[in-house]
Amino acid sequence: MTSVVPARTETADLREVEQRVLWLATAMIDHANRVRPNSTGLKVGGHQASCASMVSIMTALYFEHLTAADRVSVKPHASPVLHAINYLLGSLDEKHLTTLREFGGVQSYPSRTKDPDPADYSTGSVGIGATAPIWGAVARRYVDTHGGGAGAGRQYSLLGDAELDEGACWEAILDPTVADLGEVVWIVDLNRQSLDRVVPNIAANRLQGMFTAAGWQVITLKYGQVLEELFARPGGAALRERIDGMSNPEYQRLLRCTPQELRARIPAGDSAIERLLSDVDDETLAVAIRNLGGHDLDALDSAFQAIDDTRPTVIFAYTIKGYGLATEGHPQNHGSLLGEDQMRQLAAQVGADLDDPWHRFADDSPAGKLCAATASRLRRRERARVKPPRLPADIGRTPSGTTTTQAALGRTLLDLTRESPEAAERIVTLAPDVSSTTNLGGWLNKVGVWSPSERVDWFADDAETILHWRERPAGQHIELGIAETNLVSLLGELGSTWSRWGQPLLPIGVVYDCFLGRALEPWSFGVYGGGQSILVGTPSGVSLAPEGGAHQSVGTPSIGLEQPGVTSYEPAFAVDTEWCLLAAMSQLGKPGGSSSYLRLSTRPVDQSLASVPADPAARERRRRQVVGGAYALRRAADPQVTLVGMGALMTETLAAADRLAEQGVDADVLCVTSPDLLFRAHRGDADRTILDQVFPADRARPMVTVLDGHPHALAFLAGINRTRSIHLGVTGFGQSGSLDDVYRHHGLDTDTIISSALDLIHR
């Protein structure tokens, strides 16, 4: 009988490292669940089987092909594999191996900001981490065309096959920009299992066709050398056809069979297959049925060498979930854990010791030398960080006439090109095909559209063309297709260039505010990963009256209030918008910086209502209060009620104050620009100075709050001084109609504000 095909000599050391990586990843999870004291008795969790399917792929990638210039996004459930590799390379201390999922320890999923060892991308939100290297590639190219210094290198994404169910993946794959990104490489861990089951039909051929149609190079690693050698024998073609034709569950069942059972099940009555298998010993047969391409180091090596760097590449690597573990191939092995006996069995199998689990290779051993050489090759030089440009706090403009906060965004960006050109050069704006409708047209005409190479503007000589689409490497505006997920994912990567390559950018993304919820998850994940950016939602609220309920945002003020790592603003006037935007930009591109969300409106507002102080000192005090969260727009000598407005509703709030005064009821009028910052101060997470200035206890009166969004975003204000209150806002879907009709329908009109104030006073 034929024995197992021997490994190449040069593969033996790599195989030893592979086995140690498998052991360390499995042992980290074992220690967290079985060894470490657990007073609650609750399962700590971890994914030994999901790690095992990735070990060969990651070993081949890191120890043979990766360079210091490359970046890798590791699938969430394989984080212990990343930590095991980092440990062998000397970039993770042994003390951390016992802290997986412990408070303050190694994170459940790779994290750029929280893990003690290097992680190029934060992953965990399915589909978002997978696509991040695409946007990382775009961000690197942008930096390189604006001064250089970002270098080169491939952007790898290691993802599970089930992750391709996520729409975020296909939105990214199909964006026209992506077909030119030759440095992007996706490696799909095709283990054909999800959390609960063996997936009946992965339809790998269909997936491969979809990638091919999108312009990607497709490499498929289905079988390893042992199986390929059997296929080359008499009866081998029939064996290949038999295995190819199996459903995923039938194939998976074979992994749980003895050699005798395999001889009975595989042929399915085919005498040619029976004769072939009769000449194969039990050990080889057991190895062969598990010999998939994603676990064959030589096949992986060939695949990596075949990557075409002129277009994006996807490698479909067939693997087995739980490969090498006692739970190998079990349909419910996703979260299963090896017992102590099974861990000792694994230790004997890979040459480890359960009682001394963290043993490294000897420095002078072949495997130890391989680890040292890899660590040296992957060591990245420290990059000097360029300081973010100085930004003015106040450009000095005092808008007059009637305008919108949305228009003020474009105006401020243009003003910066004159007042602070160094800062303006660092600005990059993004929009999903809404540049002209969000007032970015003037900015776009000024700075141009970014493209890795110059493209002809065929409408440059058309006198009737107002928006000039000049695409060139020096451009500062990026427009993607109608996919907010792509836009905010790129926004997060552009907001990370200060930490990746030492080059700070000031990225500003503009989306329709009603689609903020769609964009929120990837943007939030970008913020979690250290990306610092500004997201502008406009036009907002039911003030977009004729557009109807589908385009009228309701809950976005609450999102801004609740989103970690973000400061939200909703200015009422053009000058407030300028000050808030400049304050937000000053927090970008540096350690300890943060992101911001601005909610803007297309409602024209009389700018004289802002009553901007003419005295420079008083103006500066107003500016500080605007960026601090609120200011008093009017103070009555002896107020009976406090009216608090925000954003587009300041017009109705002021009108209500005027009419109340005609009835002998004086009101303080307060303008909130950031309920987010006020809540932090009220909660004790920030300085209370702004509350003491704008909401002093000696002026506490019954309060009416009003905003173009859900009323609970301002409801907490009544708790500052424990005043009686009524909170007006939007609690239902919008309606099409005139502004007056829509405001009246939602109880945001001047009459309702007045009625609410009188109810409080006379209660």
Side-chain angles (χ1 to χ4, degrees), residues 13-36 44-66 72-102 105-111 114-121 123 156 158 160 187 189 294-295 297 300 319 321-325 327 337-338 343 346-347 349-354 356-363 365 367-368 370-375 377-378:
D13 300 339
L14 191 64
R15 179 69 67 185
E16 187 176 0
V17 171
E18 174 201 45
Q19 294 298 290
R20 186 59 56 87
V21 171
L22 173 65
W23 167 257
L24 289 170
T26 308
M28 287 179 67
I29 300 169
D30 176 65
H31 187 279
N33 288 273
R34 190 181 59 81
V35 180
R36 193 169 67 213
V44 175
H47 302 84
Q48 290 174 333
S50 293
C51 287
S53 66
M54 283 296 301
V55 165
S56 304
I57 294 170
M58 292 180 66
T59 300
L61 177 62
Y62 277 81
F63 289 88
E64 283 198 306
H65 293 275
L66 207 63
V72 186
S73 172
V74 176
K75 81 170 189 177
H77 291 165
S79 63
V81 182
L82 176 63
H83 300 310
I85 289 173
N86 283 337
Y87 173 65
L88 291 178
L89 297 181
S91 55
L92 180 67
D93 193 275
E94 180 179 321
K95 67 182 181 182
H96 295 297
L97 298 180
T98 60
T99 68
L100 179 67
R101 298 190 172 207
E102 185 178 70
V106 174
Q107 297 298 297
S108 307
Y109 311 121
S111 173
K114 293 182 179 294
D115 271 323
D117 56 329
D120 292 329
Y121 290 97
T123 61
Y156 290 93
L158 312 181
I187 305 171
D189 172 16
H295 300 302
L297 294 174
L300 286 162
T319 62
K321 197 163 185 175
Y323 182 72
L325 305 182
T327 56
L337 300 169
L338 301 187
M343 286 296 297
L346 178 64
Q349 174 185 319
V350 301
D353 183 354
L354 184 60
D356 182 19
W358 318 125
H359 184 67
R360 277 195 175 100
F361 296 116
D363 292 342
S365 68
L370 175 58
C371 290
T374 301
R377 185 182 75 247
L378 297 183

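Everything quoted here is computed from the prediction, not taken from an experiment.
- Between Pro110 and Tyr121 there is no side-chain heavy-atom pair separated by less than 4.5 Å.
- Every residue two or more places apart in sequence or in another chain that forms a ring pair (Phe, Tyr, Trp, His ring centres under 6.0 Å) with His65 is listed here: Phe304.
- For Asp363, the CG atom sits in a loose shell: 12 or fewer heavy atoms of surrounding residues, nucleotides or ligands are nearer than 6.0 Å.
- The shortest non-hydrogen separation linking Ala375 to Leu89 is CB-O, 3.4 Å.
- Summarising the geometry, atom SG belonging to Cys371 is positioned 9.0 Å from atom CD belonging to Glu16; distances are rounded to the nearest 0.5 Å.
- Within the 3.5 Å criterion, the main-chain N or O of Gly105 finds a donor-acceptor partner in the side chain of Gln107.
- Contact record, Pro80 with Met28: O-SD, 4.0 Å, taken as the closest heavy-atom pair.
- Pro118 approaches Asn86 most closely through the heavy-atom pair O-ND2, 3.1 Å.
- Contact annotation: the side chain of Trp23 never approaches that of Gln349 to less than 4.5 Å [non-hydrogen atoms, C-beta and beyond].
- Between Leu370 and Phe63 there is a side-chain heavy-atom pair separated by less than 4.5 Å.
- Put simply, the side chain of Leu325 reaches to within 4.5 Å of the side chain of Leu346, judged on heavy atoms.
- Rounding to the nearest 0.5 Å gives a distance of 13.0 Å between CD1 of Ile29 and NE2 of His31.
- No side-chain heavy atom of Glu18 sits under 4.5 Å from any side-chain heavy atom of Val21.
- Rounding to the nearest 0.5 Å places CG of Leu92 at 5.5 Å from CG of Leu97.
- In terms of heavy-atom proximity, Ser53 sits nearest to Lys321 at CB-CA, 4.0 Å.
- Not counting sequence neighbours, the partners of His47 by the ring pair (Phe, Tyr, Trp, His ring centres under 6.0 Å) test are His77, His334.
- Judged purely by atom type and a 3.5 angstrom limit, Thr99 has no side-chain atom pairing as donor or acceptor with the backbone of Glu102.
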Are Asp353 and His359 close enough, and set up right, to give a side chain to side chain contact (heavy atoms under 4.5 Å, CB included), and what steps lead you there? CA-CA 8 Å; Asp353 183 354; His359 184 67; over 6 Å; no
Could you check Lys75 against Thr123 for side chain to side chain contact (heavy atoms under 4.5 Å, CB included), going step by step and ending with a plain yes or no? CA-CA 7 Å; Lys75 81 170 189 177; Thr123 61; over 6 Å; no
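- Between His96 and Asp115 there is no side-chain heavy-atom pair separated by less than 4.5 Å.
- Contact of the Thr26 side chain with the Met343 side chain is registered, since non-hydrogen atoms from C-beta on lie closer than 4.5 Å.
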Residue pair Val72, Met58: steps toward the side chain to side chain contact (heavy atoms under 4.5 Å, CB included) verdict: CA-CA 10 Å; Val72 186; Met58 292 180 66; over 6 Å; no
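- Annotation: salt bridge (Lys or Arg N to Asp or Glu O under 4.0 Å) contacts of Asp120 (sequence neighbours excluded): Arg380.
- Atom CG in Leu338 sits 10.5 Å away from atom CG in Leu354 (nearest 0.5 Å).
- No side-chain donor-acceptor contact under 3.5 Å links Arg360 to the backbone of Gly368.
- Distance check, rounded to the nearest 0.5 Å: CG of Asp13 to CG of Leu297 gives 11.5 Å.
- Between Leu100 atom CG and His83 atom NE2 the span is 6.5 Å, to the nearest 0.5 Å.
- The closest donor-acceptor contact from the side chain of Arg377 to the backbone of Leu66 lies under 3.5 Å.
- For Ser91 against Asp117, the heavy-atom pair with the smallest separation is O-CB, 3.5 Å.
- Proximity of Thr98 to Trp358: side-chain heavy atoms (C-beta onward) are separated by under 4.5 Å at one or more points.
- In plain terms, the two heavy atoms of Ser56 and Gly294 that are nearest each other are CB-O, 3.3 Å.
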Decide side chain to side chain contact (heavy atoms under 4.5 Å, CB included) for Met54 and Ile187; before the verdict, give the C-alpha distance in whole Å, the side-chain angles of both, and the deciding distance to 0.1 Å. CA-CA 10 Å; Met54 283 296 301; Ile187 305 171; 5.8 Å; no
